[in-house]
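Scroll down for the structure; my scribbles are underneath it.
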Amino acid sequence: YLPRPDEDMSSARVGAPQTVTLIALQGSALQHPVRNLTFEGLTFECTDYNLLNVAGSVGKATVQTATVLTAFANANWHLDVYRAYDTCPGAIIANAIAGVELLRNVIKHTGCDGVVMGNDIRDVKIIGNVISDCGGSAITLGHPQHVYENDTPDLKYPTGAGVQHEKFPAGTEAAPRRVEIADNFLPDDAALFKGHTIITVFFGQEVRIEHNWIPNAPYSGINLGWGWCDFDGSPVANNPLWGRGNRPSVFPGKPTGVCRDNLVRDNRVEDTVLVLHDGGGIYTLGDQPGTVIERNYVRNSEQAIYTDEGSAHMVCRDNVIASPYTNAHFAVDYGRKHSILIEGYFITQPKWDVTAPDCNFTNYTVCTNADWPPS
């Protein structure tokens with residue numbers, strides 16, 4: 001520690017946290033979850049994070065958002081079906097829970113993430129919390145390995161890791177379902193690990209992300225989905241219906257269907273992608289039928305709403321995009337994006353890049369100087 005000019009370290013009071021996780025909930029997956037607990041009005045603060053030791057190499061290697069590489073594996077992480085990747089620790093972690101609520105708590109000054117809810121998360125509410133100054137993401141939901149649930153042995157690429165490396169063995173694996181993340185204030189997170197998205201959802205069903213305020217993020221504000229285009233089942237790189245890509249799917253003819261029917265609505269996301277690049281205020285990956293992204297306010301982001309590789313079968317409508325931004329919506333013909341309804345935006349500048357198949361930016365209203373209509 002380098003003292004400030006007015007600090008005397010011989011008399012200073014210094015807090016050095018040692019505990020990584022303050023609350024851990026662990027049920028029996030798909031059998032006996034931890035049920036019906038409410039944590040309300042509490043403060044959780046000042047946790048540590050010990051960097052991972054993999055065969056004597058200590059650090060935090062990752063590819064994107066709230067992940068950590070836990071083993072030496074294939075250089076192409078997609079071919080391993082993310083079996084060498086894990087989520088990070090948080091002040092609160094949970095697996096195999098149902099009916100649990102986090103209401104109006106304060107979580108701050110964490111060594112890594114704030115709340116991490118991984119496997120078999122059902123009927124959970126994360127509402128009205130202030131989560132700030134986390135080393136990583138404020139909220140992480142699900143797991144990158146949920147690309148398929150309860151993987152069978154045939155889900156192995158010739159040079160990739162087999163199902164024996166799954167963190168959640170067959171019979172114990174379930175992506176989150178029916179989770180509400182609402183009315184949270186999430187400022188100044190990802191303070192140490194700049195690549196973490198503030199709200200990170202890997203794969204989930206009926207996840208509702210509503211009325212959250214995310215100011216000041218080094219990378220993306222909200223991440224929904226995972227898998228890029230690599231698990232859409234396409235046997236070719238350039239699918240005539242789905243658009244361009246530089247590779248076929250890892251398992252042709254076996255598309256993932258885990259991520260679907262999610263809602264991102266009425267969130268306020270400001271000042272994102274401040275340090276890194278190739279992100280957005282709201283960022284998606286992978287096919288997500290039934291998913292709706294609507295009525296969000298995004299200000300000052302590289303790509304305000306970024307439907308990235310594999311994004312398909314979503315509705316994006318009535319979002320309000322305020323300058324500065326590179327594009328109000330970004331969906332170029334790469335990575336087999338396709339079939340996204342994008343309409344009804346209110347924007348301060350006529351700037352977007354939408355060229356993927358069956359995707360059009362329509363019925364927009366330009367409101368110079370953010371003079372939004374009253375209704």
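The basis for the numbers below is simple: all heavy atoms, side chains too, and nothing from hydrogens, waters or symmetry mates.
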Next item on the list: Could you verify whether a donor N or O on one side chain and an acceptor N or O on the other, from Thr62 and Thr67, lie under 3.5 Å apart?
Entry: yes
Next item on the list: Hydrophobic side-chain clustering at under 4.5 Å (ILVMFWY, transitive links): who's grouped with Leu263? Put none if nobody.
Entry: Val292, Val315, Leu341
Margin query: Nearest 0.5 Å, please: how far is OG in Ser137 from CG in Asp189?
Written below: 8.0 Å
Notebook entry, point to check: In chain order, what residues pass the ring pair (Phe, Tyr, Trp, His ring centres under 6.0 Å) check against His146, with sequence neighbours excluded?
Noted result: Phe168
Check: Got a sec, which hydrophobics cluster with Trp242, joining ILVMFWY side chains under 4.5 Å apart, including via others?
Finding: Leu241
Next item on the list: Measure the CD1-CG distance between Ile127 and Asp183 for me, rounded to the nearest 0.5 Å.
Entry: 6.5 Å
Checklist line | SB check Glu343 Arg317 (cutoff 4.0 Å) | finding: no
Notebook entry, point to check: Is Arg83 paired with Asp151 through a side-chain N to carboxylate O contact shorter than 4.0 Å?
Noted result: yes
Next item on the list: Please indicate whether Tyr297 has more than 12 foreign heavy atoms, meaning atoms of other residues, nucleotides or ligands, lying under 6.0 Å from its OH.
Entry: yes
Next item on the list: Indicate yes or no for a side-chain donor-acceptor contact from Tyr334 to the backbone of Ala356 under 3.5 Å, with no hydrogens or angles considered.
Entry: no
Item checked: His196 backbone acceptor or donor facing Thr65 side chain under 3.5 Å -> no
Check: Taking Gln164 for the side chain and Ala161 for the main chain, is one N or O donor matched with an acceptor at less than 3.5 Å?
Finding: no
Notebook entry, point to check: Got a donor-acceptor contact below 3.5 angstrom from the Glu302 side chain to the His277 backbone?
Noted result: no
Margin query: For the CZ atom of Phe251 and the NE2 atom of His78, what is their distance to the nearest 0.5 Å?
Written below: 12.5 Å
Notebook entry, point to check: If you round to the nearest 0.5 Å, how far is CG of Asp308 from OG1 of Thr284?
Noted result: 7.0 Å
Next item on the list: List the steps, then state whether side chain to side chain donor-acceptor pair (under 3.5 Å) holds for His143 with Asp86.
Entry: CA-CA 7 Å; His143 199 279; Asp86 201 356; 2.8 Å; yes
Checklist line | Results of ring pair (Phe, Tyr, Trp, His ring centres under 6.0 Å) for Tyr364 - residues two or more places apart only | finding: Trp352, Phe361
Next item on the list: Would you check if there is a donor-acceptor pair between the side chains of Tyr283 and Gln64 at a distance under 3.5 Å?
Entry: yes
Checklist line | Straight-line distance of His211 NE2 to Arg268 CZ, nearest 0.5 Å | finding: 13.0 Å
Next item on the list: Under the ring pair (Phe, Tyr, Trp, His ring centres under 6.0 Å) rule, collect the residues that match up with Phe330, sequence neighbours excluded.
Entry: Tyr306
Next item on the list: Output yes when a side-chain donor or acceptor of Arg244 lies under 3.5 Å from a complementary backbone atom of Asp333, and no otherwise.
Entry: yes
Notebook entry, point to check: Does a side-chain heavy-atom distance below 4.5 Å link Val332 with Lys337?
Noted result: yes
Let me have the donor-acceptor pairs involving side chains of residues 93-105, under 3.5 Å, with sequence neighbours excluded, atom names and distances please.
from: Asn95; atom 1: OD1; to: Asn119; atom 2: N; distance (Å): 2.8
from: Glu101; atom 1: OE1; to: Thr38; atom 2: OG1; distance (Å): 2.8
from: Arg104; atom 1: NE; to: Glu40; atom 2: OE2; distance (Å): 3.4
from: Arg104; atom 1: NH2; to: Glu40; atom 2: OE2; distance (Å): 2.4
from: Asn105; atom 1: OD1; to: Gly41; atom 2: N; distance (Å): 3.1
from: Asn105; atom 1: OD1; to: Leu42; atom 2: N; distance (Å): 2.9
from: Asn105; atom 1: ND2; to: Phe39; atom 2: O; distance (Å): 2.8
from: Asn105; atom 1: ND2; to: Leu103; atom 2: O; distance (Å): 3.3
from: Asn105; atom 1: ND2; to: Asn129; atom 2: OD1; distance (Å): 3.2

Next item on the list: Would you sort out whether Glu180 and Arg208 count as a salt bridge (Lys or Arg N to Asp or Glu O under 4.0 Å), showing the intermediate values?
Entry: CA-CA 5 Å; Glu180 184 176 1; Arg208 301 172 65 94; 5.1 Å; no
Note to self: Between Asp266 and Arg295, does the salt bridge (Lys or Arg N to Asp or Glu O under 4.0 Å) criterion hold? Intermediate values first, please.
What the structure shows: CA-CA 5 Å; Asp266 294 332; Arg295 301 203 312 253; 3.0 Å; yes
Checklist line | OG on Ser220 to CG on Asp278, rounded to 0.5 Å | finding: 8.0 Å
Next item on the list: Dump the intermediate steps for side chain to side chain donor-acceptor pair (under 3.5 Å) on Asp113 and Thr140, then the final yes or no.
Entry: CA-CA 8 Å; Asp113 289 1; Thr140 298; 2.9 Å; yes
Check: Does the Asn296 side chain pair with the main chain of Asn267, one donor and one acceptor, at a distance under 3.5 Å?
Finding: yes
Check: Are any of the side-chain heavy atoms of Ile131 and Ile139 separated by less than 4.5 Å?
Finding: yes
Next item on the list: Decide whether Gln288 and His313 meet the rule of one side-chain donor and one side-chain acceptor closer than 3.5 Å.
Entry: no
Item checked: Partner residues of Trp372 under the ring pair (Phe, Tyr, Trp, His ring centres under 6.0 Å) criterion, sequence neighbours left out -> none
Next item on the list: Assess Lys351 against Tyr325: is NZ or CZ under 6.0 Å from the centre of the six-membered ring, and within 45 degrees of the ring's axis?
Entry: yes
Note to self: With clusters defined by side-chain heavy atoms of hydrophobic residues (ILVMFWY) lying less than 4.5 Å apart, directly or transitively, does Phe44 cluster with Leu37?
What the structure shows: yes
Check: Do Asp133 and Lys108 pass the salt bridge (Lys or Arg N to Asp or Glu O under 4.0 Å) test, and can you show the C-alpha distance, the side-chain angles, and the key distance before you say yes or no?
Finding: CA-CA 5 Å; Asp133 192 36; Lys108 58 184 178 181; over 6 Å; no
Could you list the donor-acceptor pairs under 3.5 angstrom formed by side chains in residues 11-21, with sequence neighbours left out?
from: Ser11; atom 1: OG; to: Asp8; atom 2: O; distance (Å): 3.4
from: Thr21; atom 1: OG1; to: Gly90; atom 2: O; distance (Å): 2.9

Next item on the list: Would you check if the side chain of Asn238 reaches a backbone N or O of Gly245 as a donor-acceptor pair within less than 3.5 Å?
Entry: yes
Notebook entry, point to check: Is Glu7 reaching over with its side chain to a backbone N or O of Arg4, donor-acceptor style, under 3.5 angstrom?
Noted result: yes
Next item on the list: Sort and list the pairs that fulfil side-chain hydrogen bond (donor to acceptor under 3.5 Å, both in side chains) and have at least one residue in residues 247-265, not counting sequence neighbours.
Entry: Asp154-Lys254, Glu210-Arg265, Asp230-Arg247, Arg247-Glu309, Arg265-Glu294
Notebook entry, point to check: Which residues satisfy the side-chain hydrogen bond (donor to acceptor under 3.5 Å, both in side chains) test with Asp120, sequence neighbours excluded?
Noted result: Arg122
Next item on the list: Consider only side-chain N and O atoms of Asn74 and Thr159, and report whether a donor and an acceptor are under 3.5 Å apart.
Entry: yes
Next item on the list: Verify whether one side chain among Gln349 and Ser323 offers a donor that lies under 3.5 Å from an acceptor in the other.
Entry: yes
Margin query: Please check this pair: side chain of Thr197 against backbone of Ile199, looking for a donor-acceptor N/O pair closer than 3.5 Å.
Written below: no
Notebook entry, point to check: Between Asn184 (side chain) and Leu186 (backbone), is there a donor-acceptor pair under 3.5 Å?
Noted result: no
Check: What's the verdict on ring-ring contact (aromatic ring centres under 6.0 Å, His included) for Phe231 and Tyr82, showing C-alpha distance, side-chain angles and the deciding distance?
Finding: CA-CA 12 Å; Phe231 298 93; Tyr82 317 114; 5.7 Å; yes
Notebook entry, point to check: Under the 4.5 Å side-chain heavy-atom rule for ILVMFWY, direct or indirect, which residues accompany Tyr49?
Noted result: Leu51, Leu52, Val54, Val58, Val68, Phe72, Leu192, Phe193
Notebook entry, point to check: Which residues pass the side-chain hydrogen bond (donor to acceptor under 3.5 Å, both in side chains) test with Asn36, sequence neighbours left out?
Noted result: none
Check: Would Asp271 and Asn216 count as a side chain to side chain donor-acceptor pair (under 3.5 Å) if you check the C-alpha gap in whole Å, the side-chain angles of each, and the deciding distance to 0.1 Å?
Finding: CA-CA 5 Å; Asp271 301 320; Asn216 190 29; over 6 Å; no
